[in-house]
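Let me begin by presenting the structure, written as structure tokens, before commenting on it.
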Amino acid sequence: MAIYDYRSIENKWQKKWEETQIYKFKEEDTENKLYCLEMFSYPSGANLHVGHWYNYGLTDSWARMKKMQGYNVFHPQGFDAFGLPAENYAIKTGIHPMDSTYKNIETMEKQLKSMGATFNWEYEVVTCNPDYYKWTQWIFIKLFENGLAYRKNAPVNWCSSCKTVLANEQVIDGSCERCKNPVTKRDLTQWFFRITEYAQELLDFLPEIDWPEKTKKIQNNWIGRSEGAEIEFSIDESHLSFKVFTTRPDTLYGVTYMVLAPENELVDKITSEAYKEEVEAYKEMAKKQSEIERMSTVREKTGVFTGAYAINPVNGEKVPVWIADYVLAGYGTGCVMAVPGHDERDYEFASKYNLPIKRVIKGEALQDDALPFTEYGVLVESMEFSGKTSAEAIRLIVEKLNQQKKGELKVNYRLRDWLVSRQRYWGAPIPIIHCEKCGVVPVPEKDLPVELPYDVEFTPDGESPLAKNEAFLYTVCPKCGGRAKRDPDTLDTFVCSSWYFLRYPDNKNEKEAFNREWINKMLPVDKYVGGAEHAAMHLLYARFFTKALRDMGYLDFDEPFLSLVHQGTILGPDGNRMSKSKGNTISPDDYINEYGSDIFRLYLAFGFAYTEGGPWNDDGIKAIAKFVNRVERIVEKYISEKEKKGKNKIESEEKELNFVRHTAIKGVTEDADKFQFNTSIARQMELVNALNKYDAVEEKNYRILEDTIKDLLLLMAPFAPHFTEEMWEQMGYEYSIFNQKWPEFDKNVLVKDSIEMVIQVNGKVRDKINAPADLSQNDAEKMALENERIIKLIQGKKLVKVIVVPNKLINIVVK
RNA sequence: GCCGAAGUGGUGGAAUUGGCAGACGCGCUGGACUCAAAAUCCAGUGUAGGCGACUACGUGCGGGUUCGAGUCCCGCCUUCGGCACCA
């Protein structure tokens with residue numbers, strides 16, 4: 001049902017746009033710059049899917065509007081090219097990741113270009129290019145030099161079937177994403193980034209940025225700040241002591257035992273001979289259990305006694321020290337004081353192992369004495385603190401402990417340091433050399449990049465593929481010149497994507513990752529658009545990188561993305577997430593072949609609430625084709641009636657048309673600015689309806705008609721760029737529609753001199769009257785009370801009061 | 001279990017933040033054009049009752065505040081996200 005020859009006009013205008021460099025970013029005009037960015041994509045072998053179009057197509061519409069509004073729009077594009085899929089594909093097919101990735105990038109570039117978007121391709125960034133990952137490695141070294149990258153032995157996610165380490169995000173409900181096998185822990189020496197150093201600042205700046213509240217909340221929870229105290233307990237008959245973190249120092253008199261995580265290094269030191277065997281067995285058991293088992297909260301708690309006793313610093317009481325896997329090694333100090341009277345988990349554990357339960361907090365209301373009381377209240381049986389409220393006691397007890405150097409206020413975060421090592425091939429090599437004499441030595445800057453060798457076996461057997469390539473692995477220590485080994489691991493791909501937005505404006509810089517002065521002008525990103533699934537990963541890492549680079553002196557702003565929008569998800573027609581296995585995928589190509597890319601884009605804009613998404617629907621796209629068809633006919637008709645131009649007769653119809661026209665300008669501008677494209681298109685449709693209506697007028701004012709058609713085309717241009725450019729030309733205007741000024745609405749046209757006011761009686765609409773605008777309260781009241789229908793309705797009733805909302809309604813309250 | 005978001009016609013979705021609920025579409029009904037169909041155009045379309053002007057009801061459920069509630073408050077239900085023994 002193609003109405004205009006979209007294929008030839010798409011080609012025609014894309015060619016012309018490229019020839020005339022119409023979207024070129026003007027580097028000399030940073031005053032007006034607007035950095036508009038979509039999350040870059042992974043170069044998969046498949047064609048662009050609906051999600052790409054929804055994200056890129058509509059953000060492009062927004063960028064086009066901004067260009068027309070006079071901004072110097074910077075709209076780069078690139079590829080997040082490292083990652084596991086290419087490597088898995090290689091294991092399956094034998095096709096090298098580098099070959100498949102570059103081939104995919106080539107086709108994807110072609111497809112993205114055929115969208116007809118405003119991308120500034122000359123600033124392209126591809127993360128697997130050595131001239132990019134050279135600087136990823138450079139940043140790693142800077143972080144290392146500044147103490148923000150460190151190495152430690154830690155338990156990591158391990159899939160025994162794939163024989164490889166998995167990233168946290170690849171563990172789905174405790175199972176391996178690829179083979180569905182349960183994930184276990186394995187101790188490995190790994191590289192970490194000290195993101196926890198920035199936990200507080202990452203929290204503090206959240207209120208400052210224009211992000212969806214939902215996303216801020218997720219980051220807030222992920223960072224998980226909690227306030228409490230760190231309290232030191234000493235081990236009885238020993239010089240050893242250990243600290244616990246608690247948010248409830250007011251329950252200190254209720255402590256009846258202590259628990260260490262089985263992995264805690266103190267365990268071996270304090271366990272007495274008699275209990276060694278049992279403790280060892282428990283540790284072994286804890287290590288072997290799968291993630292699914294460990295994560296289960298319904299599972300009964302287990303633990304064993306170590307034979308050691310700890311001394312409560314406030315009353316000198318001796319309490320037994322246990323180990324149990326309900327205490328996490330990675331949070332706080334890996335030890336807790338157990339207060340079964342006031343904590344559900346401790347209560348469950350104490351009940352099972354017959355440990356004493358003491359209650360030291362009383363609530364106001366009557367509480368069931370059999371269960372733990374976890375609220376705040378008033379202290380009892382707590383020596384001099386008895387009778388104090390929880391809040392007072394927390395302050396006083398910590399103060400007292402502080403004097404004895406046995407405790408202090410402390411803030412803990414749930415956020416963990418970011419594990420960046422990966423035992424994979426297709427990523428940026430970690431630029432570190434391990435020398436037996438000199439230890440960990442960073443690769444000198446002049447030797448960067450550490451290039452990824454092409455010739456590598458990537459069979460998944462648990463060993464890093466790079467470790468099997470001797471030519472890569474063995475090198476010379478930059479410090480002592482002796483034989484040394486390279487770090488065989490690669491960096492998590494999230495490292496590469498944590499700074500790509502800094503590289504775009506300066507992507508050809510060979511001397512540095514980016515020029516400080518230049519990116520200070522170009523950043524932060526003004527509008528960032530991408531999926532909500534990155535809330536606690538990429539979006540957090542990128543913020544951390546920005547802050548770390550700032551503190552190391554490489555840039556001067558605090559936040560990378562000032563304003564963030566998440567697009568929704570377009571589902572299959574059946575309401576499920578599109579997937580090949582469900583057979584419910586929608587191919588943009590089919591629709592673009594039938595209707596053209598403009599209509600496809602317009603439908604995405606009109607058919608969904610942008611941040612919500614929803615199921616695909618065929619009928620909707622036909623409706624949009626109809627709409628575009630109508631616009632085309634309006635233009636055609638106008639052109640065919642050209643000779644009639646010049647009549648100039650003011651009529652009320654003309655006033656009406658003008659009113660709709662300026663309502664549309666206002667609505668389209670404001671709604672599109674907020675990414676509310678559906679209502680933005682609705683205003684355009686209203687304008688088309690008004691134009692059709694005006695067309696029926698006998699003596700048309702062709703000047704007004706032309707101006708209105710002109711405005712309609714301008715308002716439509718960001719959403720249907722090829723079509724409107726063509727119509728613009730046919731109207732006889734000069735190239736290009738995208739070099740025109742965005743229309744502005746005239747406030748005066750929107751002011752009506754006569755207004756329809758609603759008259760209510762007791763809140764129910766009873767009549768509508770035409771009243772002059774800006775009627776005074778008294779006059780409005782008078783008009784309503786003189787209204788015939790109203791007089792009938794309120795007859796015989798007592799008038800209580802009259803409420804007047806200017807230019808809107810009059811509510812008469814009667815009894 | 002905890003945190004968050006959302007529930008509006010047959011349907012996708014609107015509602016200047018407390019002021020005419022259902023904009024704009026889809027679908028449906030009727031009409032015009034046509035030998036007929038498609039396309040196009042016009043009119044109608046929340047539900048129930050009435051020939052009708054109209055009346056009653058209506059934004060997940062139950063209460064409340066208010067002259068007035070889709071919007072605010074309290075208590076539930078359902079769905080979808082995020083976290084999950086975080087001491």
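Chain A is the first sequence line, chain B the second, and so forth, proteins listed ahead of strands; every chain is numbered from 1.
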At 4.0 Å (heavy atoms only), tell me whether A:Phe606 reaches a base, stays on the sugar-phosphate, or touches nothing. base
What about A:Asp619: does its side chain form a donor-acceptor pair under 3.5 Å with the base of B:C26? no
Taking 4.0 Å as the cut-off, does a side-chain nitrogen or oxygen of A:Ser226 come that near to OP1 or OP2 on B:A87? yes
For B:U45, what is the paired nucleotide under Watson-Crick or G-U wobble rules, both distances under 3.5 Å? B:G27
Tell me the interatomic distance from A:Ile570, atom CD1, to B:G13, atom P, rounded to whole angstroms. 10 Å
The test is side-chain hydrogen bond (donor to acceptor under 3.5 Å, both in side chains); show your working for A:Trp616 and A:Tyr591 and say whether it passes. CA-CA 12 Å; A:Trp616 176 266; A:Tyr591 289 95; 3.3 Å; yes
I'd like to know if A:Lys808 reaches the base of B:U16 with its side chain such that a donor and an acceptor end up less than 3.5 angstrom apart. yes
C1' gap between B:A23 and B:U16, integer Å: 13 Å
Please name the nucleotide paired to B:C85 by Watson-Crick or G-U wobble geometry with both distances under 3.5 Å, or report none. none
Quantified in whole Å, what is the C1' atom distance between nucleotide B:G64 and nucleotide B:U45? 36 Å
Distance-only donor-acceptor test (3.5 Å): side chain A:Lys301, base B:C85: yes
Is a donor-acceptor pair below 3.5 Å formed from side chain A:Lys768 to base B:C20, judging by atom type as modelled? yes
Can you check whether A:Lys626 has a side-chain N or O nearer than 4.0 Å to OP1 or OP2 of B:C26? yes
